[in-house]
Amino acid sequence: DLDGSHLVFMHSLPQLCKMANLRILVGVKRVIDYAVKIRVKPDSSGVVTDGVKHSMNPFCEIAMEEAVRLKEKKLAKEIIAVSCGPTQAQETIRTALAMGADRGVHVEVTGKEYENMTPLHVSKILAKLATDQEANLIILGKQSIDGDNNQTGQMTAALLDWPQATFASELTKENDHLKVVREIDGGLETIKVTLPAVITADLRLNEPRYATLPNIMKAKKKKIAKHKAADFGVDLASTVKVVSVEDPPVRQAGQKVESTEELVAKLKESGVI
Amino acid sequence: MAALRTVLSRVVSRHTAAILAASSSCRLPVSSSVLLHRCRSTGAPDEDVTLEFFRPETSSVPSLMDIGTRRIFTEDHDIFRTSARRFWAEEVVPHHAKWEKEGQVSREVWLKAGEQGLLGVNTAEELGGIGADLLSAAIGWEEQSYSNCSGPGFALHSDIVMPYIAKYGSPGQQEKYLPDMTAGRKIGAIAMTEPGAGSDLQGVRTNAKKDGEDWILNGSKVFITNGWMADVIIVVAITNTQAKSAAHGISLFLVEEGMPGFKKGRKLEKIGMKAQDTAELFFDDVHLPASALLGQENKGFIYLMQELPQERLIIADMAIASSEFMFEETRNYVKERKAFGKTVSRLQTIQHKLAEMKTDICVGRAFLDQCLELHNQGRLDSNTASMAKFWASDLQNRVATQCLQMHGGWGYMWEYPIAKAFVDSRVQPIYGGSNEITKELIARHIVS
């Protein structure tokens, strides 16, 4: 019975196309490994990074995992992994490729420019890249464990004038929008964002997969395009100057008191009340 | 550029690298006293230096088990090692104590390993394996040793049993077994040793008599790794009692669980490797179809001789890796344990022993990496493999004894990792060709 079913198939083709229509841009940042004991440089200009173990920012791993899951659900057709940093950032991109990204973009930023790079610089790069690549979903980690800025996602959305859903702990695609459950101070908030949009991943969004050996080998054949920030019209001139970096003060021992009266007396003594 | 980098990173010491870099007008930072600590392969002291990919060896990084070390490996290997390490930590370690009590691991962990692409790593993709290089397989062996979980017989399955089928099997046999073995759905074993013959492989009595096109198998095997759980077993049997020497009358057969007459006796109660399902096997008039013959009739001994070097390399690499694990475990222990008002690590006798052990292990690691590299290129000869096997397993046992001693009374307690590593190490000088036999083989080559 060819005719009837043939027509039905043609009618639903646009709908089918709509299904796998996401092109996802995922930012992956190379940071000092979470298990490393951080040491401040003797000249207080920053922390020691030379010869220190680095790995993908854990929240970026979660972002990457979410993108791969969307692709496995046939909701995404392509995942692009992007990283801004020195040559070593390519390792981070390769890990993303091994997790399931289709291709990578390495925006090479080195030396002093890398040290002075801020979320605003990165957001400008991501925004231009997303436009150039016709991405319609950007997934980032909510923050990186070195800067802890929690700004890049928000800034990127603003630059693109896209809606944003940050601190995502659950993501569902519903027709042409996304339903996102966000982790906020008061609990959980559920919102809808239309596409295109920027999502930032929180801890409980998913548990990232292992990069399996077959995927690591497939990743070798995937391409990483190299660029400079200038290719995106972004000037990396520093807008922020780091004056000094210091260890947090050593925690002082507390005092034990026997009674509320003693507590109040001590608080009065120290001028707190 | 990449090739130059690789060559340079292999032959050039860091000092020389600095001179070379300076002379080609690349600047190194003034503070080139920067130590390469826990480096990933890209631990460049300064972005301007073109010799970026300088992989340190285990002797100069904080831990002998650090990822991103050893020049024989690449960054892609590091990604795989990170995944493998995570697999052992999350899927094996939490269950291992239970499996030790049961005398075997679960079928689930085999399937999980298959899902992660941790089995059949070095078997060609066309045959149903993963198709990665030998160094990737070595990562699997080493990460098992680093996790101190000797139960799962993955290395034997993937890198001893599967190669026989890949190299000497017919297309039908390869198709029947290899994809399932890569997936962990079929578990493999190899049965050479018998109650009356171990080192004296030519003394085997298990035999297969021709019955038309088929065979009738009779005999028994003992100390068979993965024996209890195995679905397919390569059995070494005499097929020509009239041969001029036993070696010329041995064949290999693929025997399957479920074949009538094939019985698994019991899981053997060993003093170590408690979670490994080592078993005895009995063959009582087992009818084998012609398709069960692996390779050519009466060529079995040749195949064994060709494959034993890899088996010995595995034992040697795991010996060094286990030594690295025991060293780090012990170093952590003595830095915490207090006695006489200070930590045990402050005692000079302990410090000197640690220095000696670390040196021995690093020297051993250097030799093993050389062997791994040679074997990866197909150039490892059996004598070198034998040398690595006996030397590394002897070192492992010395390290195990010393490390257990440094743990004091706690080292004697089963709950402590060092205790398990100690008993597990004891079999290494015995199986895979006893150390005495390996010395025989090496000596023959020296004096002939």
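In what follows, every heavy atom counts, from backbone to side chain, and hydrogens, waters and symmetry copies are set aside. Lettering of chains follows the sequences in order, A, B, ..., and the numbering in each one begins at 1. The model shown is predicted, which means the values in this text are computed figures rather than measured ones.
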salt_bridge(B/Arg86, A/Glu207) N-O dist < 4.0 Å: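 Counted as a salt bridge, because a side-chain N and a carboxylate O are separated by less than 4.0 Å.
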So, taking the atom named [atom1] in [X] and the one named [atom2] in [Y], what distance separates them when rounded to the nearest 0.5 Å?
| X | Y | atom1 | atom2 | answer |
| --- | --- | --- | --- | --- |
| B/Ile79 | A/Thr212 | CD1 | OG1 | 11.5 Å |
| B/Ile67 | A/Ser55 | CD1 | OG | 9.5 Å |
| B/Thr74 | A/Lys220 | OG1 | NZ | 6.0 Å |
| B/Arg81 | A/Ile216 | CZ | CD1 | 12.0 Å |
| B/Asp76 | A/Arg94 | CG | CZ | 5.5 Å |

Neighbours of chain A found in residues 119-126 of chain B - heavy atoms under 4.5 Å: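 B/Val121, listed by number.
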If contact means a heavy atom pair closer than 4.5 Å, which residues of residues 129-139 of chain B contact chain A?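 Within residues 129-139 of chain B, the residues that come under 4.5 Å of chain A (heavy atoms only) are B/Ile130, B/Gly131, B/Ala132, B/Ser136.
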Using a 6.0 Å cut-off, check whether atom [atom1] of [X] has over 12 heavy atoms from anything other than its own residue.
| X | atom1 | value |
| --- | --- | --- |
| A/Glu170 | CD | no |
| A/Lys41 | NZ | yes |
| A/Lys124 | NZ | no |
| A/Glu72 | CD | yes |
| B/Glu90 | CD | yes |

With sequence neighbours excluded, give me every ring pair (Phe, Tyr, Trp, His ring centres under 6.0 Å) pair touching residues 105-124 of chain B.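 Matches after skipping sequence neighbours: B/Trp110-B/Phe154, B/Trp110-B/His157.
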Look at the side chain of B/Ser83 and the backbone N and O of A/Ala211, then say whether any donor-acceptor pair between them is shorter than 3.5 Å.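 Yes, because the side chain of B/Ser83 sits within donor-acceptor range (under 3.5 Å) of the backbone of A/Ala211.
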Would you say A/Tyr210 and B/Glu115 are linked by a side-chain donor-acceptor pair, where the criterion is simply a distance under 3.5 Å?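 Not at all, the side chains of B/Glu115 and A/Tyr210 share no donor-acceptor pair under 3.5 Å.
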Listed partners of B/Arg331 passing side chain to side chain donor-acceptor pair (under 3.5 Å), at least two apart: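 Once residues adjacent in sequence are excluded, the partners of B/Arg331 under the side chain to side chain donor-acceptor pair (under 3.5 Å) criterion are B/Glu328.
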